J.: 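Handing you a structure now.
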Amino acid sequence: MKKKSKQKNQSTPKKEEAAVTLKDMINPELLKQLKEQQDQMKAAEERKREEEEQRKREERRLKEKNKSFEELLNESGMNWKEFK
């Protein structure tokens, strides 16, 4: 028995159809509006990241400021037993 080879019906895109892109189909005003919205979202994300970094720095500074004498002594690299 012979297997029948299937013929594929591939339609080649016409030059006119290939030239039209999604960018061409979208209204330029809508495209401009979307880009502005994207820029606003990026700026908001950057501000949020900056605020988070500032909050972390302030938290570290306050934690360092409020350390007890024992914590400072334990973090010290000097061997205090030599000074007894």
Side-chain angles (χ1 to χ4, degrees):
M1 288 189 52
K2 279 187 171 180
K3 293 185 180 180
K4 294 182 181 180
S5 62
K6 295 182 182 180
Q7 293 179 349
K8 295 182 181 179
N9 293 333
Q10 294 180 348
S11 60
T12 57
K14 296 178 183 177
K15 289 184 179 181
E16 295 173 10
E17 291 176 9
V20 178
T21 63
L22 183 60
K23 184 178 180 182
D24 297 333
M25 293 172 58
I26 293 178
N27 185 358
E29 291 178 20
L30 178 63
L31 187 62
K32 180 181 175 185
Q33 196 175 35
L34 288 172
K35 285 186 178 185
E36 287 175 1
Q37 187 177 11
Q38 182 183 22
D39 292 341
Q40 289 174 355
M41 290 175 70
K42 283 182 181 179
E45 184 178 325
E46 183 66 28
R47 260 193 318 270
K48 186 177 179 181
R49 192 174 326 135
E50 295 267 338
E51 288 173 359
E52 181 69 20
E53 184 65 30
Q54 180 67 26
R55 185 189 63 79
K56 285 182 180 179
R57 273 188 254 137
E58 182 67 18
E59 193 175 286
R60 273 187 253 124
R61 185 186 69 80
L62 289 174
K63 186 177 179 182
E64 186 73 27
K65 181 181 175 183
N66 294 329
K67 282 188 179 181
S68 68
F69 182 74
E70 181 184 3
E71 290 172 328
L72 292 171
L73 188 61
N74 288 337
E75 288 180 0
S76 174
M78 299 179 86
N79 186 0
W80 293 102
K81 292 180 181 178
E82 293 177 2
F83 295 103
K84 284 187 176 179

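None of these values were measured; they are calculated from a predicted model.
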J.: I need the Gln37 CD to Leu30 CG distance, nearest 0.5 Å.
T.: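 That separation rounds to 10.0 Å.
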
J.: Taking salt bridge (Lys or Arg N to Asp or Glu O under 4.0 Å) as the criterion, tell me which of Glu51, Glu52, Glu45 meets it with Arg49.
T.: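 The residue from Glu51, Glu52, Glu45 that satisfies salt bridge (Lys or Arg N to Asp or Glu O under 4.0 Å) with Arg49 turns out to be Glu45.
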
J.: Any chance CD of Glu70 has more than 12 other-residue heavy atoms, nucleotides or ligands included, within less than 6.0 Å?
T.: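 Count not over threshold, so no.
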
J.: So, taking the atom named CD in Glu53 and the one named CZ in Arg55, what distance separates them when rounded to the nearest 0.5 Å?
T.: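 Answer for the CD-CZ pair, Glu53 versus Arg55, is 10.0 Å.
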
J.: As an exercise, state the distance from CE of Met41 to CG of Leu34, rounded to the nearest 0.5 Å.
T.: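 Spacing of CE (Met41) from CG (Leu34) equals 11.0 Å.
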
J.: If you round to the nearest 0.5 Å, how far is CG of Leu62 from CZ of Arg57?
T.: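 Going from the CZ atom of Arg57 to the CG atom of Leu62 covers 13.5 Å.
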
J.: Walk me through it: do Arg60 and Glu64 pass the test side-chain contact (heavy atoms from CB on, under 4.5 Å)?
T.: CA-CA 6 Å; Arg60 273 187 253 124; Glu64 186 73 27; over 6 Å; no

J.: Keeping the roles fixed (side chain from Glu71, backbone from Ser68), state whether a donor-acceptor pair exists under 3.5 Å.
T.: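 Looks like yes, one N/O pair under 3.5 Å.
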
